[in-house]
Amino acid sequence: MKPKRKCNAEMTTDQDFVDCPKNSLWGGSDAIFAVRLVDWQRRCGRRDLPWQGNDPYRVWLSEVMLQQTQVRTVLPYFARFVARFPTVEALAAAPLDEVLALWSGLGYYARARHLHAAARLWVARWPRSCPRGAQEWVQLPGVGRSTAAAIAAFVQGERVPILDGNVQRVLCRLFAVEEDPRAAATAGRLWDLAQSLLPHDSDDMPAYTQGMMDLGALVCTRARPRCDVCPVVDLCAAHCLGIAAELPRKRARAPVPEQDLRWGWYEEDGAVWLVRRAPQGIWGGLWCLPQEDQAPPGAWRAAGEIARLTHRLTHFTLKITVTRYLPQAPRAVEPAAAWGEEARCLAPADALALGVPQPLRRLLERAVDSLAESGNEGERRIGVAKGKFEVLERIDGHDKEIERLLRGGGKP
DNA sequence: AAGTCGTGGAT
DNA sequence: TATCCAAGACT
């Protein structure tokens with residue numbers, strides 16, 4: 001698209017400034033941007049999401065779930081969550097383990113721990129009520145400036161701006177901001193711009209806030225923005241300059257490093273040992289296979305590697321090797337003290353009811369499938385059927401042994 | 001104040 | 001396939 005008018009750096013005369021769309025954004029009290037956006041949201045925006053309304057609990061819960069997570073992904077988790085915990089009181093009364101189990105698979109598990117702590121703080125400090133205004137919402141753990149503003153705008157119509165990824169992109173284009181929006185200095189400027197665009201009437205805040213999100217998600221998208229249907233295209237400096245699709249500028253990202261991880265599949269009479277991970281770090285508080293940072297405990301013998309999983313995260317790639325262990329003696333063995341106090345031995349189907357990280361969830365699901373297939377009562381084993389893993393690599397020099405283990409067989 | 005934290009959708 | 005990144009917060 002070609003620039004239709006001069007803007008920003010090209011402006012040299014007073015007339016250029018008058019012609020620049022950026023000028024009309026600052027054009028006094030008409031608040032044309034907000035008026036247009038609110039009108040557009042009410043006609044074309046999303047109005048049927050299950051958390052929309054003024055229930056503070058549902059709005060808060062959804063905003064936390066939606067942090068760094070797309071709407072499509074959140075929908076089934078939100079439904080399960082409100083079915084199990086219809087109120088903040090119900091959530092506060094639940095054990096953390098149950099919250100983590102419902103959160104399992106959604107990622108960023110600190111959100112679940114903070115959510116649980118926040119629910120308890122909420123009912124203790126605002127009994128039969130809720131935080132009033134962004135200043136109070138932000139006091140809940142897991143609720144930062146943008147999330148607090150979204151809740152306050154939706155529930156109470158407070159005139160406070162949000163600044164999530166969508167809004168950053170919209171503002172970078174609207175004002176032709178070329179700097180990295182995630183740099184601290186740029187963020188401050190974007191917050192100011194966001195504040196300056198708010199509607200004057202607080203009754204418009206819910207539709208306006210939803211409109212900013214909808215505009216970013218549906219029209220002002222990262223790739224191929226739909227400027228042809230944008231309600232504020234004539235106010236957009238980047239469109240004026242013909243660079244809307246190129247903003248925000250993406251910064252170069254370092255290549256993602258790889259990290260090796262070793263898990264132990266300690267199998268005992270059709271069940272497998274799980275340990276709770278420390279609250280800090282990745283998968284904090286979740287149940288997982290014992291991670292073999294040091295030598296595995298005694299009384300077990302290695303029975304081959306049963307899986308190699310590749311798990312990609314934003315900042316690095318995990319290569320997980322899962323080694324199967326069986327008791328040395330036919331009788332049950334004591335859980336190793338090295339695993340800490342919280343260790344449980346569960347059938348795979350039962351383990352799936354706990355909060356577990358996604359790669360382990362897949363592993364357990366395959367084990368359940370395998371049990372269902374091979375279901376002989378006498379020879380119950382947690383075999384893993386060949387070809388059922390998402391990612392399974394041949395392990396050099398042990399193909400036959402691996403194959404046999406993958407079938408869940410015993411000695412040949 | 002950069003690093004860390006998950007998973008899946010979209011291109 | 002590889003890459004970016006999503007209704008960010010916390011340390």
Side-chain angles (χ1 to χ4, degrees), chain A residues 45-46 49 51-52 58-78 100 103-115 117-118 137-154 161-170 180-185 187-188 190-191 194 206 209-218 220-225 245 248-257 259 277-286 288 309-318 355-362 390:
Chain A
R46 295 177 288 193
L49 297 171
W51 46 80
Q52 285 177 322
R58 294 170 71 95
V59 171
W60 163 67
L61 174 61
S62 71
E63 286 303 327
V64 173
M65 285 186 163
L66 286 160
Q67 288 166 2
Q68 299 288 281
T69 311
Q70 295 186 351
V71 169
R72 177 76 48 87
T73 305
V74 164
L75 284 171
Y77 284 88
F78 182 82
L100 287 172
W103 202 275
S104 178
L106 194 54
Y108 284 134
Y109 298 95
R111 292 185 297 173
R113 288 182 270 115
H114 291 145
L115 189 84
W137 283 109
V138 80
Q139 296 174 24
L140 296 180
V143 176
R145 179 175 176 182
S146 187
T147 299
I151 301 170
F154 284 136
I162 61 170
L163 188 64
D164 57 30
N166 283 326
V167 178
Q168 287 184 14
R169 185 172 55 253
V170 168
D180 179 354
R182 280 172 246 195
L190 293 178
W191 275 111
T209 303
Q210 187 65 55
M212 290 297 277
M213 297 169 169
D214 291 347
L215 191 67
L218 306 174
C220 198
T221 47
R222 179 169 62 89
R224 300 180 6 163
R249 304 280 185 205
K250 50 187 164 192
R251 65 189 189 285
R253 192 175 290 201
V256 295
Q259 185 178 333
R277 295 182 63 92
Q280 73 279 17
I282 190 171
W283 300 319
L286 271 62
C288 195
L309 311 173
T310 300
H311 193 68
R312 259 183 279 279
L313 291 81
T314 302
H315 294 293
F316 56 100
T317 297
L318 285 177
V356 298
Q358 194 63 5
L360 177 57
R361 178 163 296 278
R362 295 206 190 90
E390 298 275 32

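Each chain gets a letter, A, B and so on, in the order its sequence line appears, and its residues count up from 1.
Mapping Arg182(A) and Val143(A) onto DNA chain C by nearest heavy atom places Arg182(A) closer to the 5' end of the strand. Comparing Tyr77(A) and Phe316(A) against DNA chain B, the residue whose closest nucleotide sits nearer the 5' end is Phe316(A).
Relative orientation of the His311(A) and Trp283(A) rings is tilted, given thresholds of 30° and 60° on the angle between their planes.
A donor-acceptor contact under 3.5 angstrom links the side-chain atoms of Thr69(A) to the base of dG6(B). A donor and an acceptor atom never sit less than 3.5 Å apart when one is taken from the side chain of His114(A) and the other from the base of dC10(C). Judged by distance alone with a 3.5 Å cut-off, no donor-acceptor contact links the side chain of Thr314(A) to the base of dT4(B).
Note on Arg113(A): nothing from the nucleic acid sits closer than 4.0 angstrom, heavy atoms only. Nucleic acid contact class of Ile282(A) (heavy atoms, under 4.0 Å, all strands): sugar-phosphate only. At a threshold of 4.0 angstrom between heavy atoms, the contacts of Val167(A) with the nucleic acid are absent. Looking at heavy-atom distances under 4.0 Å, Trp51(A) makes contact with a base.
Phosphate contact (OP1/OP2 of dG8(C), side-chain N/O of Gln68(A), threshold under 4.0 Å): present.
In the set dG6(B), dA7(C), dT7(B), the nucleotide with an atom closest to the side chain of Arg111(A) is dG6(B).
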